[in-house]
Amino acid sequence: MVSKMTTTPYNPSDYLKTVDDRIEYLNAATEDGNEGVLLMALRNVVKSTGGMTQLSRQTGLSRESLYRTLSNDGSPKLSSFISILRTVGMEMNVRPSESVSSSV
């Protein structure tokens with residue numbers, strides 16, 4: 001008897017249920033140092049919080065602009081990035097890196 005195995009594609013946004021989940025996910029993407037990884041992570045966060053249409057309504061940015069901004073080749077303005085973060089219930093903070101001593 002042949003057993004049929006079924007698989008389900010992995011979708012990160014399915015696991016981003018809470019604000020804390022989303023924050024940890026974006027922080028991990030930031031640590032990678034690759035802006036494409038960060039933009040992909042932000043797309044997944046947007047998807048987990050209602051999608052591009054809802055984000056477009058809330059930010060006043062067009063869906064096309066948001067898709068372009070959050071694409072792998074996107075280069076979002078800081079104001080757009082901050083607007084998107086605020087819309088999904090987050091803000092950006094700056095903190096010293098672990099490699100910097102407290103005397104600097």
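Quantities reported herein were computed from a predicted structural model and do not represent experimental measurements. Side-chain atoms are counted along with the backbone in the values below, which use heavy atoms only and exclude waters and symmetry mates. The chain is numbered in sequence order, starting from 1.
Under the 4.5 Å side-chain heavy-atom criterion for ILVMFWY residues, no single connected hydrophobic cluster contains both Leu70 and Met40.
For Thr18, the side-chain hydrogen bond (donor to acceptor under 3.5 Å, both in side chains) criterion is met by Asp21, not counting sequence neighbours. Contacts of Ser13 classified as side-chain hydrogen bond (donor to acceptor under 3.5 Å, both in side chains), with partners at least two apart in sequence or in another chain: Asn11. A search for side-chain hydrogen bond (donor to acceptor under 3.5 Å, both in side chains) contacts involving Arg57 returns nothing, not counting sequence neighbours.
At least one side-chain heavy atom of Phe81 sits under 4.5 Å from a side-chain heavy atom of Leu42. Taking 4.5 Å as the limit, some side-chain heavy atom of Leu26 sits within range of a side-chain heavy atom of Leu85. A 4.5 Å side-chain heavy-atom check between Thr49 and Leu55 finds every atom pair outside the cut-off. Side-chain atoms of Val19 and Val88, non-hydrogen and from C-beta on, never get closer than 4.5 Å to each other.
Pairs engaging residues 15-41 under the ring-ring contact (aromatic ring centres under 6.0 Å, His included) rule: Tyr10-Tyr15 [sequence neighbours left out]. Applying the ring-ring contact (aromatic ring centres under 6.0 Å, His included) test to pairs two or more places apart or on separate chains, none has a residue in residues 30-64. The side chain to side chain donor-acceptor pair (under 3.5 Å) analysis of residues 83-95, with sequence neighbours excluded, yields no pairs.
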Stepwise, does the side chain to side chain contact (heavy atoms under 4.5 Å, CB included) test hold for Ile82 with Leu78? CA-CA 6 Å; Ile82 290 172; Leu78 183 58; 3.8 Å; yes
Please evaluate residues Asn72 and Arg43 with respect to the criterion side chain to side chain contact (heavy atoms under 4.5 Å, CB included), reporting the C-alpha separation (whole Å), side-chain torsions for both, the decisive distance (0.1 Å), and the verdict. CA-CA 10 Å; Asn72 289 340; Arg43 279 193 312 270; 3.2 Å; yes
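From Leu39, atom CG reaches atom CD1 of Ile84 across 8.5 Å, with rounding to the nearest 0.5 Å. Atom NZ of Lys77 sits about 9.0 Å away from atom OG of Ser65, to the nearest 0.5 Å.
Counted within 6.0 Å of CD on Gln58, heavy atoms from surrounding residues, nucleotides or ligands total more than 12; the atom is thus considered enclosed. With a 6.0 Å radius and a threshold of 12 heavy atoms from other residues, nucleotides or ligands, Asn27 has its CG atom above the threshold.
With Arg22 contributing its side chain and Leu16 its backbone, the two residues share a donor-acceptor pair below 3.5 Å. Not a single donor-acceptor pair under 3.5 Å links the side chain of Ser56 to the backbone N or O of Met52.
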